[in-house]
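Okay, structure first, notes after.
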Protein chains: 2
Amino acid sequence: MSTTPQAAPRRATITDVAREAGTGKTSISRYLNGEMSVLSPELRARIEAAIARLDYQPNQMARGLKRGRNRLIGMLLADLTNPYTVEVLQGVEAACHALGLMPLICHAANEVEMERRYLQLLTTYRVEGVIVNALGVREETLRPVGGGGIPAVLVDRSVDGLVTDMVGLDNRAAAELGTRHLLDNGFDEIWFVVQPFEQVSSRQLREAAFREAMSAQGEQRGKSAARGHTLVLNLADADEVARSLAELDRAIDAAAQASDAAAATGNAARIALFAANAPVALCLALHLKARYGADWQARVALLSIDDPDWAELTGVTTIRQPTYEIGYRAVEFLHERIEGVQTIARDCLLPGELIVRASTLR
Amino acid sequence: MSTTPQAAPRRATITDVAREAGTGKTSISRYLNGEMSVLSPELRARIEAAIARLDYQPNQMARGLKRGRNRLIGMLLADLTNPYTVEVLQGVEAACHALGLMPLICHAANEVEMERRYLQLLTTYRVEGVIVNALGVREETLRPVGGGGIPAVLVDRSVDGLVTDMVGLDNRAAAELGTRHLLDNGFDEIWFVVQPFEQVSSRQLREAAFREAMSAQGEQRGKSAARGHTLVLNLADADEVARSLAELDRAIDAAAQASDAAAATGNAARIALFAANAPVALCLALHLKARYGADWQARVALLSIDDPDWAELTGVTTIRQPTYEIGYRAVEFLHERIEGVQTIARDCLLPGELIVRASTLR
DNA sequence: CTGTTAGCGCCTTCAA
DNA sequence: TTGAAGGCGCTAACAG
């Protein structure tokens, strides 16, 4: 049955409790702050009873105003659409809970302007610190943070000119690990596919490490060196995506022809795609499936940084990031800063884990 | 180069601005609240300048304390692991932004105790309302909310005894839509697979609607009626999952045998799985893939409520929920309540959309 | 051990 | 048009 939800009656305040318990506000405050040693058992009992009777709950805002700290931290997210973000968020949540912090979540939805506005808003709520999964771009936007402003820790990527703690994947090692895996499995042609990376440090590092690993391959391999390419996939622009995918298609077709030709000599060319993160991998997989059918993996191998749930289902090899831990550590770092720790800015690089699946094995 | 991030200097207060502008706090306050008509252009200019010089930002907490409203709302999430939750969250985020609200996100991670604690915590921050994607369970936990407490709106599921607005999928229609689709495509045996549903209204409704649709099938079909089964999959307990899946396996094998036998008569039995939500569907898909290999869809059809990103990739038919809108509407409802709207508790049931893919077609 | 007092940063009468 | 004073709910000296 539906009845009318009613407006909440005014909540009890510390004054109410004091009156109810027949004492002063100070004693109530002491009780709330656990200073039991300075409260007679008798008074204490009265207070307890009064609190229970009034269902009293101290007002965090008022406490915060007085103490100058409200246990609020901001969490600025670039893109909730990315499973990476959600996983990090879980770590953040857990750590906050453990440390008695309360996260204010803001989703910039890939818009720089939003990022700026939210940062300002957070500042207005006097959060004690912020964890920022920045859009990248320039320091400009993040002015209120780090350095002279609120303590901050960056997640996944660093921002030029911003001196703060940062925690994320060891991108160099991860990209190298993936490239090596592909090389070791005899692929002749490897395409590293990544979103525009001028602005985003983690993408830059991954791409650079990929190229280096390709250059360094020579020694290990008996046969001729595998070719490496970098393809930029701008997921924000459907036309650009289409163009990039077309380029990829041509390469795949060419490899297939070469492969057919070489098949006679038992030396078929093999092509692999190395996706810089899950959104890219998903885009690639969807395209390949549309183009080559359910059996697309027989034609192209796919390896991805990030380990979305569909990877296991489709047998795609991945490099899993310790996302939960990244979020957790970020909060720990921030907490230390809030407590006044004064070390130099720290970088915490966590290793990725290669999860080999059918896709990259033959 | 790493230097030491420094502690933030104290932020300017309204008093600082007043002094800097050579006026009283009252005028500053008026300026902040847009009461421009009562400020001489001259004073106004001075204030503007002072604010800029001091980089002043009003303290929301203090304003909140005074006004009795802080524009904060709580968002209680049962399970961030479920893509549904994240999608709803995006709608919530967007609506909050549009309405000038700030969401405090809390993740109960499927633990009732957490749900209780967070609700209490939110109350302590004096949020003006809460949006609850409840774990289900009983009203007990949600006491501080609805009725006499903070305005609340429920998402996805309602809770017995709690009188509040609620917004979610039209479960009955969705389950019926799915069942009909399966029936229309000639499946002889349909298993509805769902997590324990005694406590969760949405699951209950889906299951009930499935059974009803199965009962009501007779008239439409020329051939003998398809059989319907309900299988409970308790994802929280690995052993139970194993048992349930084993039961399913037996059914699938039996159907296969019958199918072989009937093949001669050109009348093979066909079996379909109807997953009540994405987590269930994922569990099923992973299991089937492990058991029957990449080609598992040739043996069993899968239909799922929820449309995770891997559905398109694997060709699984789904019923997509308008998740973003659900989140958005929830905030709108809540906002109305906060503004004092006093109607009876409303239910907003949004329709799901059937997305037919290869899985359920032959 | 306990209560009184003075603010935290802001808004809101009420006078000027 | 402007400002002074009081108070939101709480904490932190400072007395008693």
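Only this structure's heavy atoms are used, side chains among them; waters, hydrogens and symmetry mates stay out. Everything numeric in this text was worked out from a predicted model, so none of it was measured. First the proteins, then the strands, lettered A, B, ... as listed; each starts at 1.
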Tell me every residue that passes side-chain contact (heavy atoms from CB on, under 4.5 Å) with A:T85, counting only those two or more places apart in sequence or in another chain.
A:L77, A:L80, A:N82, A:N133
Run the numbers on A:E339 and A:R69 for salt bridge (Lys or Arg N to Asp or Glu O under 4.0 Å), then give the verdict.
CA-CA 11 Å; A:E339 295 306 322; A:R69 52 186 336 193; 3.3 Å; yes
Donor-acceptor pairs under 3.5 Å, side chain of residues 49-58 of chain B to any protein atom, not counting sequence neighbours: which ones?
residue: B:R53; atom: NH1; partner: B:E20; partner atom: OE2; Å: 2.3
residue: B:D55; atom: OD2; partner: B:R11; partner atom: NH2; Å: 3.4

By side-chain hydrogen bond (donor to acceptor under 3.5 Å, both in side chains), A:R71 pairs with (sequence neighbours left out) A:E128
Separation of atom CD1 in A:I47 from atom P in C:dC1, rounded to whole Å:
13 Å
For B:F333, the ring-ring contact (aromatic ring centres under 6.0 Å, His included) test, sequence neighbours excluded, returns none
Rounded to whole Å, the CD-P distance (B:E35 to D:dT2) equals 12 Å
Check the distance between C:dC8's C1' and B:D16's CG and give it to me in whole angstrom.
13 Å
Let me know the distance between CZ of A:R46 and P of C:dC1, rounded to the nearest Å.
15 Å
Give me the bend of the helix from C:dC1-D:dG16 to C:dA16-D:dT1, using the axes of the five pairs at each end, rounded to 10°.
40°
Contacts of A:H335 meeting ring-ring contact (aromatic ring centres under 6.0 Å, His included) (sequence neighbours excluded), chain-then-number -> none
Enumerate the protein-to-nucleotides 7-11 of chain D contacts in which both atoms are nitrogen or oxygen and the separation is below 3.5 Å.
residue: D:dG7; atom: N2; partner: B:K66; partner atom: NZ; Å: 3.0
residue: D:dG7; atom: N3; partner: B:K66; partner atom: NZ; Å: 3.1
residue: D:dC10; atom: OP1; partner: A:Y56; partner atom: OH; Å: 2.5
residue: D:dC10; atom: OP1; partner: A:N59; partner atom: N; Å: 2.9
residue: D:dC10; atom: OP2; partner: A:I14; partner atom: N; Å: 2.3
residue: D:dC10; atom: OP2; partner: A:Y56; partner atom: OH; Å: 3.3
residue: D:dC10; atom: N4; partner: A:K25; partner atom: NZ; Å: 2.6
residue: D:dT11; atom: OP1; partner: A:R63; partner atom: NE; Å: 2.5
residue: D:dT11; atom: OP1; partner: A:R63; partner atom: NH2; Å: 3.0
residue: D:dT11; atom: OP2; partner: A:S29; partner atom: OG; Å: 3.1
residue: D:dT11; atom: O2; partner: A:K66; partner atom: NZ; Å: 3.4

According to side-chain hydrogen bond (donor to acceptor under 3.5 Å, both in side chains), does anything in residues 99-114 of chain A pair up with another residue at least two apart or in another chain? List the pairs.
A:E113-A:R116
Is there a side-chain polar atom (N or O) of A:S40 under 4.0 Å from OP1 or OP2 of C:dT2?
yes
How would you list, by chain and number, every residue that makes a side-chain contact (heavy atoms from CB on, under 4.5 Å) with B:T81, sequence neighbours excluded?
A:Q90, B:D79
How long is the line joining OH of A:Y31 and P of C:dG3, in whole Å?
16 Å
Euclidean distance, atom CD1 of residue B:I51 to atom P of C:dG9 [Å, nearest integer]
16 Å
